[in-house]
Amino acid sequence: MAKAIKKVGVLTSGGDSPGMNAAIRAVVRSCAYHNLECVGIYRGYEGLIEGDFVSLNARSVKNLINRGGTFLKSARSPEFRTKEGRKLAIDHLKKAKIDALVVIGGDGTFRGAIALGEEFNFPIIGLPGTIDNDINGTDFTIGYDTALNTVVEAIDKIRDTAHSHNRIFLVEVMGRDAGDIALSAGIGSGAEVILIPEQNMGRDRLVASLKRNKKSGKTSSIVVVSEGDKVGKNIFEVAEYIENNLDGYEVRVTVLGHVQRGGSPSCRDRVFASRLGVSAIDALLKGESNVMVGIKDNKVVSVPFIETIEGENEIDTELIRVADITSI
Ligand code: ADP
């Protein structure tokens, strides 16, 4: 029989995202509810390797639900990629008498969890924390909704100036391998064209589409470009190509960058993170391990880590159709 869980460690790892604090809070309070001890691990796997731990109770996580980032801090740990690094980590877990871990992060964090779980048969539950929404098996990731709202707010402002000057604005949003942010924020902000890594539009089709817009009476255009899009080497090269092949417009580039990661989490992200934090402890108490807890069709689900990181990001083809039709 699996060892009874009395003490749970929680950490945030990889890129931070708004709502991670709400998730930690829910994990800590769920531990308190079930009379489990809870230990916060600073700086993700780096702090695990160094034994940088703090004891947490229900009051330690007050005034946090509304704060972006992660109070436990996050880090990228090259050492954890080595067996020696992970051995140091497990030694610290054993020394602190921690029986199970909740890790909040993206696919890299889950890969690390797979390695640790397999090598030392240690119970680990993952929560999807990334703005990119690029984790399979869950409809949303913690931080995605807030990032979308940030992007839409920024593009609304850009639209005002684009419209006043007959300009084409290229707006780069985050998403190295996943076009989810670009697609949803593009629809939400009324973008004329959306470029995503899952669909290579090509430069000529892009220019043809902008020409069609002009012919149909549009005096400005917003093009939302996902970071990982492959139409050009980078967004500035795409801008130059448009400028050289389309008359009558000035082309401007805005790279939104890290503003998309920050800010107070949206209510949707806070509720989502709270549900997942509570469900993580439920899953551990049911004896589950090596799974991510996510939400599919508004139901909490447990998905083996390996399934969350396998294959390509799946883009919603219905959303692509909506974007095509509404940008006419
Ligand atoms: P994210 O979780 O946001 O995708 P990273 O890709 O940086 O962020 O991963 C977070 C951390 O997880 C890395 O710094 C590393 O310590 C650990 N990690 C990532 N991939 C592996 C792997 N294949 N094996 C072991 N640890 C890994």
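As the structure lists them, so they are numbered: ligands from 1, and atoms in each ligand from 1. In this chain, numbering begins with 1 at the start of the sequence shown.
- The immediate protein surroundings of ligand 1, defined as residues with any heavy atom under 4.0 Å of it, consist of Ser13, Gly14, Gly15, Tyr45, Arg76, Ser77, Phe80, Arg81, Arg86, Gly106, Asp107, Gly108, Thr109, Arg111, Gly112.
- One finds no salt bridge joining Lys97 and Glu37 here, because no Lys/Arg side-chain nitrogen approaches an Asp/Glu carboxylate oxygen to under 4.0 Å.
- Within the structure, no pair that satisfies the ring pair (Phe, Tyr, Trp, His ring centres under 6.0 Å) test touches residues 219-250, not counting sequence neighbours.
- Between the side chains of Arg270 and Thr146, no donor N or O sits under 3.5 Å from an acceptor N or O.
- In this structure Glu172 satisfies the salt bridge (charged side-chain N to carboxylate O under 4.0 Å, His left out) test with no other residue, sequence neighbours excluded.
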Could you pull out every donor-acceptor pair under 3.5 Å between side chains of residues 194-203 and any protein atom, sequence neighbours left out?
residue: Glu198; atom: OE1; partner: Gly179; partner atom: N; Å: 3.1
residue: Glu198; atom: OE2; partner: Gly179; partner atom: N; Å: 2.9
residue: Glu198; atom: OE2; partner: Asn313; partner atom: ND2; Å: 2.9
residue: Asn200; atom: OD1; partner: Gly202; partner atom: N; Å: 3.3

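- Between the side chains of Ser60 and Asn57, at least one donor N or O sits under 3.5 Å from an acceptor N or O.
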